[in-house]
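Note sheet for the following structure.
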Amino acid sequence: MNTLLIKNARVVATMDDVRTELADASVLVRGNLIEAIGPAGQLPALADEVIDARRHAVIPGLINTHHHMFQTLTRAVPGAQDAELFAWLKVLYPIWSGLTPEMLEVSTQVAMAELLLSGCTTSSDHLYLFPNGCTLDHSIQAATRIGMRFHATRGAMSVGESMGGLPPDRLVEKEAAILKDTQRLIERWHDPARHAMTRIAAAPCSPFSVSRDLMRESAALARSYGRDHGVRLHTHLAENDNDVAYSREKFGMTPAEYAEDCGWLGDDVWHAHCVKLDAPGIARFGATGTGVAHCPCSNMRLASGIAPIGAMRRAGVPVGLGVDGSASNDGSDLLGEARQAMLLARVGHGPGAMGARAALELATRGGARVLGRDDVGMIAPGMAADLALYRLDDVTFAGALHDPVAALLFCAPRRADYTIVNGRVVVREGHLTSVDLPLLVERHNELARELVNTA
């Protein structure tokens, strides 16, 4: 097995159980696993590949728990720039109905390229519309080519406008077909093994676009494989005031009550946003181990509010970070998302609401817990070799090296110098090694123009 030595790092923030931080340390990778970490003088000086990290901070690869990667094609679209969630969706649904398989593959790789360049090594994606022959397989194949660890969620919309839902009828699917395809994807792609690169989750889109029956049957399908198989459940919940009002009017329940009624609480479930999760809902999430993907940039962009992350964490709710869709965040920078989580918590609750290391924890260990993984999110022997290295001698961090770990969060986000996924160097000296990024971006922009102009 090939070995990789990250040598003489300025600092290694392991995010292990005691949050060890080591100066002048090295990390030895064998194959796809971390074999050893410790003072540089105590580890081998040679390996098949050696990265001189004396100018770098080394952290676990960041983890993104919520995204809509196809939306990179519709960033900053006029008409949707200044809208709240429901109005924003009404503008974009007709555009997204023109999505093609090539658009899906290219947009997935563009989103993943941006994530990898930010130091993110594991990402989930919530794909919930499948026009013109698009399938989740197109996203999975794109992820395999670019080299990202991927939790692909089979989203769905089944309740269109004619049935009181939000999406246009032409974008919804029959529920039997949704369940059949979800089962196909699980059996084709889901890998329950430790250090798996691809996993599948069942993910009806939201309370305002699917039926109660689909929520319940999706949960039953996922759990029919057994909890050890790791097929999880994901959806949107309590994103803004209109979302809560819809739930109360349609179901006579709060979003958390509705989720519980459908069987959508448990340590195999994670919900995106939860900006308006109330105190009883937070308590039930904490008691059941139900996870939350916190998406601060999207919540600010759509003026949804400030999620009560502090209260959630005090109640024991697993919380990770999500960049969310690139048409409601307009970026896929996970380190930047961690910074925004820290700053937004302070806007809402004061300067002690979230520190730099707490934000980094959300982006690493928190995300791993939300996705049900114990093999990523920290640097320790036996963990997957997912790592991010940032150069500290950049102008971004000038004057901030009194505490280089905190500098990663307090200073403006910087691209990773190296990103390593499953032992493979996917970003080297700030450049992607797995795709030709300029050509990818050129084609992506062509497809984005085609998609928007046709609509």
Side-chain angles (χ1 to χ4, degrees), residues 11-21 57-67 114-115 117-124 270 272-275 291-301 305-324 329 331-371 376-379 386-390 392 396-397 400-416 419:
V11 63
V12 179
T14 67
M15 299 306 296
D16 65 10
D17 290 342
V18 294
R19 308 301 190 266
T20 304
E21 295 178 10
V58 182
I59 63 172
L62 304 176
I63 298 170
N64 179 36
T65 63
H66 185 64
H67 209 333
E114 192 171 7
L115 286 167
L117 287 165
S118 77
C120 180
T121 54
T122 298
S123 183
S124 113
W270 86 103
H273 300 292
C274 296
V275 175
V292 170
H294 176 39
C295 307
C297 286
S298 175
N299 296 343
M300 288 187 285
R301 159 79 147 82
I306 302 175
I309 298 304
M312 291 181 193
R313 297 183 77 205
R314 287 190 294 273
V317 178
V319 180
L321 293 180
V323 298
D324 199 19
N329 178 331
S332 301
D333 186 325
L334 211 287
L335 185 63
E337 200 73 33
R339 182 174 188 257
Q340 289 296 93
M342 178 181 73
L343 298 180
L344 186 59
R346 293 171 177 224
V347 169
H349 305 288
M354 187 178 295
R357 286 166 175 81
L360 184 58
E361 181 175 327
L362 292 182
T364 54
R365 291 177 64 103
R369 186 180 174 199
V370 164
L371 295 181
V376 296
M378 72 174 79
I379 302 173
D386 290 7
L387 303 156
L389 285 68
Y390 301 87
L392 295 170
T396 304
F397 303 122
L401 299 186
H402 324 286
D403 185 344
V405 175
L408 295 175
L409 282 301
F410 276 104
C411 299
R414 189 191 189 281
R415 278 188 174 184
T419 303

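In what follows, every heavy atom counts, from backbone to side chain, and hydrogens, waters and symmetry copies are set aside. The shown structure was predicted, so the numbers you read here are calculated from the model rather than taken from an experiment.
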Are Thr121 and Val376 close enough that some pair of their side-chain heavy atoms sits under 4.5 Å apart?
no
Can you name the closest pair of heavy atoms from Gly336 and Asp333 and give their distance?
N-OD1, 2.8 Å
Are Leu408 and Leu360 close enough that some pair of their side-chain heavy atoms sits under 4.5 Å apart?
no
Qualifying residues under salt bridge (charged side-chain N to carboxylate O under 4.0 Å, His left out), relative to Arg414, sequence neighbours excluded
Asp394
Once ring-ring contact (aromatic ring centres under 6.0 Å, His included) is applied, do any residues pair with His66, and if so which ones, sequence neighbours excluded?
His68, His126, His234, His236, His273
Once rounded to the nearest 0.5 Å, what's the spacing between atom CG of Leu321 and atom CG of Leu62?
9.0 Å
Are any non-hydrogen side-chain atoms of Ile63 and Arg369 less than 4.5 angstrom apart?
no
Between Ser118 (side chain only) and Leu334 (backbone N and O only), is there a donor and an acceptor less than 3.5 Å apart?
yes
Under the rule for side-chain hydrogen bond (donor to acceptor under 3.5 Å, both in side chains), what residues qualify as partners of Ser124, not counting sequence neighbours?
none
Around Arg301, counting heavy atoms of other residues, nucleotides and ligands shown, do more than 12 lie under 6.0 Å from its CZ?
yes
Pairwise distance CG(Leu343) to CE(Met300) - rounded to 0.5 angstrom
8.0 Å
Please, which pairs that meet salt bridge (charged side-chain N to carboxylate O under 4.0 Å, His left out) have at least one residue in residues 337-354, sequence neighbours excluded?
none
Where do Gly119 and Ala388 come nearest, in terms of heavy atoms and distance?
O-CB, 3.6 Å
Rounded to the nearest 0.5 Å, the CD1 atom of Ile306 sits from the CG atom of Asn299 at a distance of 9.5 Å
How about Ile309 and His349: do any of their side-chain heavy atoms sit closer than 4.5 Å?
no
CD1/Ile379 to CE/Met15 distance, rounded to the nearest 0.5 angstrom?
9.5 Å
Can you list the residues that meet the salt bridge (charged side-chain N to carboxylate O under 4.0 Å, His left out) rule with Asp403, with sequence neighbours excluded?
Arg357
If you look at every heavy atom in Ala356 and Ala406, which pair is closest and at what distance?
CB-CA, 3.8 Å
Do Thr20 side-chain atoms and Thr14 backbone N/O form a donor-acceptor pair below 3.5 Å?
no
What heavy-atom pair brings Ala345 and Ala353 nearest, and what distance separates the two atoms?
O-CB, 3.4 Å
Distance, nearest 0.5 Å, that separates CD1 of Ile59 from OG1 of Thr364:
7.5 Å
Look at the side chain of Asn329 and the backbone N and O of Val323, then say whether any donor-acceptor pair between them is shorter than 3.5 Å.
yes
Could you pull out all residues at least two apart from Arg19 that satisfy salt bridge (charged side-chain N to carboxylate O under 4.0 Å, His left out)?
Glu361
Yes or no on side-chain contact (heavy atoms from CB on, under 4.5 Å) for Thr396 and Tyr390, after CA distance, side-chain angles and deciding distance?
CA-CA 11 Å; Thr396 304; Tyr390 301 87; over 6 Å; no
Asp16 and Met378: which non-hydrogen atoms are nearest, and at how many Å?
CA-SD, 3.9 Å
Rounded to the nearest 0.5 Å, what's the gap from CG on Asn64 to SG on Cys120? Could you check?
5.0 Å
Please report the shortest heavy-atom distance between Ala368 and Gly377, naming the atom on each side.
CB-CA, 4.4 Å
